[in-house]
Protein chains: 2
Amino acid sequence: MAKRVTIRDVARAAGVSVSAVSQVLNGKGRLSSDTHRKVEDAVARLGYIPDSRARSMRSSHSRTIGLVVPQIRNDFFASLVSAVQDTLWRHGYATLIGSSFDDDERQDAFLHTLLTQRIDGIICVPTAHGTPGLEAVLANDVPLLFADRTIDGFETIPRVLADPEPGLSEALRDIHKHGHAKVAFLAGPATVLPTLAHRCDVFRAVATPLFGEDNILVRTASSPAELPGLAVQDAVEFGATALIFGHSPTTLRTLPYLVSTGLEPGRDMSIVSFDEVQTFSVYRPRISVISQQVAVMGESAALEMLALVEHADTADSSVASAADSHGFADASDADTADSILTSAEPPVPATKLISTHYIARDSVCPVPTHAA
Amino acid sequence: MAKRVTIRDVARAAGVSVSAVSQVLNGKGRLSSDTHRKVEDAVARLGYIPDSRARSMRSSHSRTIGLVVPQIRNDFFASLVSAVQDTLWRHGYATLIGSSFDDDERQDAFLHTLLTQRIDGIICVPTAHGTPGLEAVLANDVPLLFADRTIDGFETIPRVLADPEPGLSEALRDIHKHGHAKVAFLAGPATVLPTLAHRCDVFRAVATPLFGEDNILVRTASSPAELPGLAVQDAVEFGATALIFGHSPTTLRTLPYLVSTGLEPGRDMSIVSFDEVQTFSVYRPRISVISQQVAVMGESAALEMLALVEHADTADSSVASAADSHGFADASDADTADSILTSAEPPVPATKLISTHYIARDSVCPVPTHAA
DNA sequence: TTGAAAGCGGTACCAT
DNA sequence: ATGGTACCGCTTTCAA
């Protein structure tokens, strides 16, 4: 297998010019059907595979999106990745995936690699903080979208998030209906993850009218590794007969502990957890969950990113002539221009909310007669 | 943010030539420490990020490896991806990940994209069959490595596989020790996946001397979706009191069915499954597993691929002069030449085996007194 | 030790 | 409708 087949080889074999081949391959009209056929023949005969690097260097788009998740081994993120990748794929885009392991530096290192590849955009589930890497992405004008999480100081970044309210609300009503008087919310590392902290707030807001301020308890951890034992003890002492977990990895680590304590889920203690992970549906009792509809979230994020990318494309060329230096305001203009036709600084930083929903299963039961 | 910073900008800012900058960035010695500093200053000041596309076009390597797995949502493959990516990362390589969904065409489509990107090599967990896409990879001289699975007709492709023998052997001894007389092996879609078929053979080989030919049962499915009910019924009728699953997705789908039948795992029926997935360690009883050491497998595959890539690098230049047209026979020669020390042709180990091992947990118990 | 210039494989623009 | 060619950003070879 000598050298790689290039577009020039194809042109030669087809007896046409290089540009003709390029045209045909990109469907840029203006070619005779005869040329068309000759080119396609040659391509097939030679097994020509275009070089997307060369292509993207000239055309300044790579049809590739970067995707950063904390942990691909986490069922939730694996599903997110799958959904994003699948959607992008359908639209002709490839996906570059990386794990940050929830570590700022790993994340930034990967972002750097992404920048290095001149991809068209980045979907990121950020670590807890803003980082230089994220700033670099912005500084390089690469479209950025947050998924599942946001961070303070990046309010201008569009994002796709789950709205915990509907799911929490349904879950709490179900628990209430089962006669429980006291509920605890174990949020996981909410001290570090704003998303989890937000769930705490929503929990309070929804649970208070239902159970009364004195009958709800919220417990957070200050790190993902913090052992759940203490929080569970607190909840038990508090008299809670139902537990809602705001973070599935925490749930997974807590379940065995709970059992070892002698508390039987779905009998002595009702359990609800965020995230529709496989283990919960196989476990006995099957664990009720608040689904974040990760597939929907992934698809949304992908579509949102595609919109950003297309928009960036057109904005770039149209703005080039008009804008003076930054052209940031102009870009914003373009966004709103579709609804209003005057001008007016428009509300660009879009937040797209995915509704959560509650899936009732065996782990939520009536209050045990013998109070735990 | 006007235009992107290029190497020329850096050169200008540093007051040196473009090639000087390139040298410094690639550590190709021969520069004065003064130039060195000036360049590094400029790079930092301008926030220069090299364009890896342009770089790889000239240098003909991208430091990127493609990775194809059947399903990233499968815990096992998610872990594999994680391990591969992590290892490659440590060696300065990026990873392009894709799911084939165990579909030939999806796989080939992704392989095509990979080819399009001119990556350095491909690690693939292939679908059940050989495909045109895989042929194309070979035809384009892209180093290919199979992980976790092989397929017929691709015997020359190096591979990293799990050796089921040690794990199965230990598991069977444990089951035997617990007094079980009859064991069944539920292999999942072994009709389609050669890897699973192989496990059946190994199971027979190991189980026969221990239990006797008449006391073992092997059941396979002809598709991944085939419901496990029938196989379980067969096993029960056969009188098996211990079940070994050769395919974790099947296990996951079967457990609920088993329970619904009234058979309590770890009491009425002993259970062992392949794959160390999270659900098994959280489940009650905790499910004994035959671990494929997926982290080791992933790391091995990554390292093996790196070796292939490095080797391809050097081989390309040296072989170029020797080989006539295809050079395929030559390559085969090289394979065998490792035992002989005449030629400098390097040794390329075709198959690397990762040892499986058994992890005993609660799901394996003594034979129930009241025969099921 | 350093700089100039030739490509890598495409795309896009401008002639024809 | 088609072909010629500059050029994307970088590495590499060759001269100075």
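Side chains included, hydrogens not; waters and symmetry mates left out as well; all remaining heavy atoms used. Predicted model, so just to flag it, every value in this text is computed and none were measured. In the text below, chain A, chain B and the rest are named by the order of the sequence lines, each starting its count at 1.
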Check the side chains of B/S99 and B/Q71 for a donor-acceptor pair under 3.5 angstrom, ignoring hydrogens and angles.
no

For C/dT2, take OP1 and OP2 only and decide whether either is under 4.0 Å from a side-chain N or O of B/S32.
yes

Can you tell me the distance, in whole Å, between the NE2 atom of A/H61 and the P atom of C/dG10?
15 Å

Check whether any side-chain nitrogen or oxygen of B/S17 sits under 4.0 Å from OP1 or OP2 of C/dG3, and answer yes or no.
yes

Please state how far atom CE in B/M57 lies from atom P in C/dG7, giving the value in whole angstrom units.
14 Å

Winner on side-chain proximity to A/R8, out of D/dG9, D/dG3, C/dG9, is C/dG9

A/S19 (side chain) and D/dG4 (base): donor-acceptor pair under 3.5 Å
yes

Check: B/T35/B/S32 side-chain N/O donor and acceptor closer than 3.5 Å
yes

For the side chain of B/N26, counting heavy atoms from C-beta on, which of C/dG9, D/dT11, D/dT12 is nearest?
D/dT11

Donor + acceptor pair across side chains of A/S56, B/R53 (<3.5 Å)
yes

From NE2 of B/H36 over to C1' of C/dT2, roughly how many Å is that when rounded to an integer?
14 Å

Are B/T131 and B/Q107 close enough that a side-chain donor and a side-chain acceptor fall under 3.5 Å?
yes

Would you kindly say whether B/D104 and B/T127 are connected by a side-chain donor-acceptor distance under 3.5 Å?
yes

Within this structure, what is the CZ-to-P distance between A/R53 and C/dG7, rounded to whole angstrom?
18 Å

Ignoring the backbone of A/A54, work out which of C/dG10, D/dC8, C/dT11 is nearest its side chain.
C/dG10

Separation of atom CG in B/L25 from atom P in D/dT11, rounded to whole Å:
7 Å

Starting at CD of B/Q117 and ending at P of C/dG10, how long is that distance when rounded to a whole Å?
13 Å

Over all strands shown, is A/T35 touching base, sugar-phosphate only, or nothing at heavy-atom distances under 4.0 angstrom?
sugar-phosphate

Side chain of B/V18 - closest among D/dG9, C/dT11, D/dT11
D/dT11

With a 4.0 Å cut-off, would you call A/R37 and A/D41 a salt bridge?
no

Applying a 4.0 Å non-hydrogen cut-off, can you work out what A/T6 is touching in the nucleic acid: base, sugar-phosphate, or nothing?
sugar-phosphate

Among C/dG9, D/dC10, C/dG10, which is the nearest nucleotide to the side chain of B/D51?
D/dC10

Can you tell me how far P of C/dG3 sits from CD of B/Q23, to the nearest Å?
10 Å

Against the side chain of A/I7, the closest entry in C/dA12, D/dG9, C/dG10 is C/dG10

I want to confirm an ordering. Mapping B/S33 and B/R118 to their closest nucleotides on DNA chain C, which one lands closer to the 5' end?
B/S33

Mind calculating the distance between CZ (A/R55) and C1' (C/dC8) to the nearest angstrom?
16 Å

Please check the phosphate of C/dA12 (OP1 and OP2 only) for any side-chain N or O of A/R58 closer than 4.0 Å.
no

Does a side-chain N or O of A/S22 approach OP1 or OP2 of C/dT11 to a distance below 4.0 Å, or not?
yes

